[in-house]
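See structure below.
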Amino acid sequence: MQILDGRALSLKIKNKAKEDIKILREKGITPGLAVVIIGDDPASHTYVRMKEKACEEVGIYSILHKMPADISQDKIIETIEMMNKNPNIDGILIQLPLPSHIDTRKILQTVIAAKDVDGFHPFNVGKLSLKLDTFTPCTPLGVMRLLEEYKIDPKGLDTCIVGASDIVGKPMMNLLLNADATVDICHIHTKSLKEHTKRADLLIVGVGKPDLITEDMVKDGAIIIDIGINRLESGKLIGDVSYEEVAPKCSFITPVPGGVGPMTIAMLLENTIKATRNRL
Ligand code: GUN
């Protein structure tokens with residue numbers, strides 16, 4: 001069994017980003033990222049702090065718009081429209097989830113496609129499904145980069161994705177299809193999850209349920225990607241896969257923390273640099 005070390009790869013990617021940004025800055029160009037966070041969900045605030053810290057480390061200028069949970073939808077739209085026009089901002093990220101009175105789809109469509117570094121705008125979602133160059137959502141893109149680093153080619157593999165969200169499962173499906181894998185996608189209404197997961201050469205799980213995937217649900221020698229990040233009452237972080245029992249059965253597995261999480265942030269940095277280059 002080999003660990004897919006997302007932390008190590010993310011450091012390599014960050015170092016490359018730092019070099020790329022140094023060259024841009026020497027030409028007087030500084031990549032800029034605006035982050036919008038609404039409400040006071042502690043996990044979202046932690047993620048946003050990590051994103052800001054990563055920007056600072058590599059030399060991306062970042063600004064944070066913190067808004068209260070009861071803010072009006074019109075006020076959020078007004079802020080995004082201002083950033084759409086701001087020439088110092090190349091990328092705009094709206095941290096999800098948004099409070100329940102806000103129409104998330106409407107907000108995500110307000111970010112212009114050229115600054116959509118999360119790849120959530122319908123225009124970019126469509127381009128991904130057509131295998132055109134676009135902004136790809138950071139978590140599934142990070143998974144693909146991790147597989148590539150360990151020379152795992154999804155072509156022809158039986159893959160199973162557990163979780164069909166717009167931000168992880170669905171773009172992951174498109175990326176794997178674009179890479180010629182056979183893709184099976186499971187969700188809350190799937191009748192027998194185990195029948196699907198057990199067949200997979202490559203199993204990717206991102207639903208936010210600790211210990212959802214147990215040893216009996218995994219094929220011998222499978223590659224396991226755990227996207228879940230769950231904080232236990234003790235403060236310990238665990239994924240959706242029962243790591244201790246599943247790890248001995250597989251050929252490769254991502255740890256939590258230190259697997260997909262750091263890759264998400266590394267891909268955000270790359271997407272921001274891409275937005276800057278597109279502007280030039
Ligand atoms: N919330 C959880 N994951 C993500 C992500 O990748 N991007 C944004 N914007 N919000 C998230």
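It should be emphasised that the depicted structure is a prediction, and the values quoted were computed from it without experimental measurement. Start at 1 and go down the list; that is how both ligands and their atoms are numbered.
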Open item on the list: Once side-chain contact (heavy atoms from CB on, under 4.5 Å) is applied, do any residues pair with D153, and if so which ones, sequence neighbours excluded?
Closed with: K155
TODO: State whether the shortest distance between N or O atoms of I94 and N or O atoms of ligand 1 falls below 3.5 angstrom.
DONE: yes
Open item on the list: Quick check: L96 and ligand 1, any N/O pair under 3.5 Å apart?
Closed with: yes
Task: Heavy-atom nearest neighbour of atom 6 (O) of ligand 1 within options V117, D118, L98 - done: D118
Open item on the list: Return the closest protein heavy atom for atom 11 (C) of ligand 1 as residue, atom name and distance.
Closed with: Q95 NE2, 3.4 Å
Task: Identity and distance of the protein heavy atom lying nearest atom 3 (N) of ligand 1 - done: I167 CD1, 3.8 Å
Open item on the list: Would the distance check show the side chain of T182 and the main-chain N or O of D158 forming a donor-acceptor pair, the cut-off being under 3.5 Å?
Closed with: no
TODO: Could you check if a side-chain atom of R145 sits within less than 4.5 angstrom of a side-chain atom of E270, using non-hydrogen atoms only?
DONE: yes
TODO: Kindly indicate whether the side chain of K194, heavy atoms from C-beta on, has any atom under 4.5 Å from the side chain of M217.
DONE: yes
Task: Where H45 and G39 come nearest, the two heavy atoms and their spacing - done: NE2-O, 2.9 Å
Task: Numbered atoms of ligand 1 (with element) below 4.0 Å of L93, judged on heavy atoms - done: 9 (N)
